[in-house]
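For the numbers below, each heavy atom of this structure counts, side chains included, while hydrogens, waters and symmetry mates do not. For reference, positions follow the sequence shown, starting with 1.
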Amino acid sequence: MRADRARRRWLRRTLRAILALVLAILVAVGGYVGYVTIRHTRPVTLPATTGPYRVGRTMFDWIDHSRIDPLAPRAGSLRELSVWLWYPAPPNTTGRPALYAPGAWGELHLASLPALGETEFGAVRNHALDGVPATTGQFPIVVLEPGMGFAAPQYTTIAENLASHGYLVAGVTPTYSANLTVLHGHAVHASPAGDPAGFDGTDLHAGVAQEAGDRLVPVWAADARFTAAQVADLDRVGPLAGHIDATHIAYIGHSFGGAAALQACHADPHCAAAANLDGTQYGPVVHTGLNRPSLTIESDSCVTGICRPTSPADRSDQATARALLAASTGPAFCYQIIGMRHFNFTDYATYYLAAPLRSQLALGSIDGGRGLTLANSYLTAFVDHIVKHRSEPQLINPDPQEREVRVQHVPR
């Protein structure tokens, strides 16, 4: 009897302990879910622009009648592109804020349950105004291409900052390579030809990945050049007439868009400069080189050619970068920003992302706004130096307060 009572007391104590633990877990989970839900809707403001101008924004859908789209699911389709254009507006301009991801562009947001772990796009505060008049003057063209799977709106921080410094920034989304683009108000998704499975591996220069990259980079480069030509045509009629300097064009891009920017610059006699943000290189330009100035900013990668490889993928990226540098005659500026990873060049760096979601994305330890501000500083300094012929000492000697920046290679 005494033993039975002891066992019952032990069982009751054990059950109470288990119930208390379960209750504590439920309270903790409920509290975390509540916190995530609040953060999901809390406004997030993108890093402030640093130039003297306000920024206007407009959008276009353009068809390239000279090209059959090799990435389209339907054979014989013409290549069609969505282009977002950011431009300088007078400093005292007021107007309606441009929505961060209007209409079907909102589908860029994560869907279903993971969506609760990401800042909702309606809460993202950018700095552009919708369709306001451009400021006086003529402004060089910058074509901005995203990384594989990404779209132009996800680089709003970079685009707005360049526009605030006096550039017409045309963000072109590569149809059928982006996870989503919007044409005539309707969402268009990636195709197997535009986003090949070969890029799912770790070594982007191995076998099928190398073949896919070399096949796709001329398509993206042609997108960039077509976009530059279309923007130049806006100088003839419409609200931007008389504001466009089409004699100075810079091509910039992130990841695969960086590779395409280099190739586009190589092929365009009007190209003044090319900038590659953390992109391993592909296409003929790797072996023929670039005779125009170039900028490369890397995160924890080997795309400047200066690193300590820790994997076959690193060694491939390093060898490719070194081949390009060896073949090039144009001055090359190369930097690394410590603490950044691949997604830190996108607006993902600024969103709230719940811990389980953030851990799955290539985001580094640096504060997201800080990383984008540093990248913008060197990108703008480079373009100002090459296109506007301004002296930019920080390109050679970074400010000591920019302690995360490492100079990898600069012209001597």
Original post:
Do other residues, nucleotides or ligands put more than 12 heavy atoms under 6.0 Å from H189 NE2?
Top reply: yes
Subject >> Side chain to side chain, P47 and N376, heavy atoms closer than 4.5 Å >> reply: no
Original post:
If we ignore angles and hydrogens, is there a donor and acceptor under 3.5 Å between the side chains of Q394 and S377?
Top reply: yes
Original post:
Out of curiosity, L144 CG to I252 CD1, how far, rounded to the nearest 0.5 Å?
Top reply: 4.5 Å
Original post:
Are the side chains of V188 and V182 in touch, meaning some heavy atoms are under 4.5 Å apart?
Top reply: no
Original post:
Side chains of E298 and T304: donor-acceptor distance under 3.5 Å anywhere?
Top reply: yes
**OP:** Search all heavy atoms of A274 against all heavy atoms of L290 and return the closest pair with its distance.
**Re:** CB-CD2, 4.2 Å
**OP:** Determine whether the side chains of D214 and Q210 contain a donor N or O and an acceptor N or O closer than 3.5 Å.
**Re:** yes
Original post:
Do D347 and T157 meet the criterion of a side-chain donor-acceptor pair at a distance under 3.5 Å?
Top reply: yes
Subject >> Distance-only polar pair, side chains of H385 and S391, donor-acceptor under 3.5 Å >> reply: no
Original post:
With a 4.5 Å limit on heavy-atom distance, are the side chains of L46 and R125 in contact?
Top reply: no
Subject >> side-chain hydrogen bond (donor to acceptor under 3.5 Å, both in side chains) between H270 and T247, worked out >> reply: CA-CA 6 Å; H270 295 295; T247 61; over 6 Å; no
Subject >> Beyond-backbone contact of I366 with I338, side-chain heavy atoms, under 4.5 angstrom >> reply: no
Original post:
Within the distance-only criterion (no hydrogens, no angle test), does the side chain of D235 pair as donor or acceptor with the backbone N or O of G242 below 3.5 angstrom?
Top reply: yes
Original post:
Looking at CE of M340 and CG of L277, how far apart are the two atoms once the value is rounded to the nearest 0.5 Å?
Top reply: 8.5 Å
Original post:
Any side-chain donor-acceptor pair under 3.5 Å between W220 and S177?
Top reply: yes
Subject >> Where G131 and Y87 come nearest, the two heavy atoms and their spacing >> reply: C-OH, 3.4 Å
Original post:
Could you state the interatomic distance from CG (L395) to CZ (F382), rounded to the nearest 0.5 Å?
Top reply: 8.5 Å
Subject >> Short side-chain donor-acceptor distance under 3.5 Å, N291 and T329 >> reply: no
Original post:
Does any donor atom in the side chain of D268 or Y251 lie under 3.5 Å from an acceptor atom in the other side chain?
Top reply: yes
**OP:** Please examine the side chains of L379 and L295, heavy atoms only from C-beta on, and report whether any two atoms are closer than 4.5 Å.
**Re:** yes
Original post:
Does one side chain, of S301 or D278, offer a donor that lies under 3.5 Å from an acceptor on the other?
Top reply: yes
Subject >> Pairs meeting criterion side-chain hydrogen bond (donor to acceptor under 3.5 Å, both in side chains) with involvement of residues 132-151, two or more places apart >> reply: none
Original post:
Checking S191 side chain against L71 main chain: does a donor-acceptor pair fall under 3.5 Å?
Top reply: yes
Subject >> CA sep, side-chain torsions, deciding dist, call: W84, V172, side-chain contact (heavy atoms from CB on, under 4.5 Å) >> reply: CA-CA 7 Å; W84 287 34; V172 52; over 6 Å; no
Subject >> Test salt bridge (charged side-chain N to carboxylate O under 4.0 Å, His left out) applied to D130 - qualifying residues, sequence neighbours left out >> reply: R96
Original post:
What residues, two or more places apart in sequence or in another chain, satisfy salt bridge (charged side-chain N to carboxylate O under 4.0 Å, His left out) together with R225?
Top reply: none
**OP:** Kindly indicate whether the side chain of E118, heavy atoms from C-beta on, has any atom under 4.5 Å from the side chain of L357.
**Re:** yes
Subject >> N161 side chain to T50 backbone, donor-acceptor under 3.5 Å >> reply: yes
Subject >> Set of residues satisfying ring pair (Phe, Tyr, Trp, His ring centres under 6.0 Å) with respect to F343, sequence neighbours excluded >> reply: F150, Y348
Subject >> Q281 side chain reached by Q263 side chain, heavy atoms, under 4.5 Å >> reply: no
**OP:** Step by step, work out the ring pair (Phe, Tyr, Trp, His ring centres under 6.0 Å) result for H254 and H342.
**Re:** CA-CA 9 Å; H254 170 236; H342 202 54; 4.5 Å; yes
**OP:** Quick one: which residue pairs count as a salt bridge (charged side-chain N to carboxylate O under 4.0 Å, His left out) with a foot in residues 45-69, not counting sequence neighbours?
**Re:** D64-R67, R67-D223, D69-R79
Original post:
Under 3.5 Å, is there a donor-acceptor pair between the D384 and T380 side chains?
Top reply: no
Original post:
Are any non-hydrogen side-chain atoms of Y176 and P174 less than 4.5 angstrom apart?
Top reply: no
Original post:
Which heavy-atom pair separates A187 from L180 by the least distance, and what is that distance?
Top reply: CB-CD1, 3.7 Å
Original post:
Between the main-chain N or O of Y352 and the side-chain N or O of T119, is there a donor-acceptor pair closer than 3.5 Å?
Top reply: yes
Original post:
Can you tell me how far NE2 of H65 sits from CD of E80, rounded to the nearest 0.5 angstrom?
Top reply: 8.5 Å
Subject >> Short side-chain to backbone donor-acceptor contact, N344 and R341, under 3.5 Å >> reply: yes
**OP:** Heavy atoms only: give me the nearest T156-Y100 pair and the separation to one decimal.
**Re:** OG1-CE1, 3.7 Å
Original post:
Does the ring center of F333 lie less than 6.0 Å from the ring center of Y378?
Top reply: no
Subject >> Side chain Q336, main chain D300, donor-acceptor under 3.5 Å >> reply: no
Subject >> Over all atoms of both residues, closest heavy-atom pair of L216 and A193 >> reply: CD2-O, 3.8 Å
**OP:** Taking side chain to side chain donor-acceptor pair (under 3.5 Å) as the test, write out the residues that go with T280, two or more places apart.
**Re:** H205, D317
Subject >> Over all atoms of both residues, closest heavy-atom pair of V83 and A170 >> reply: CG1-CB, 3.9 Å
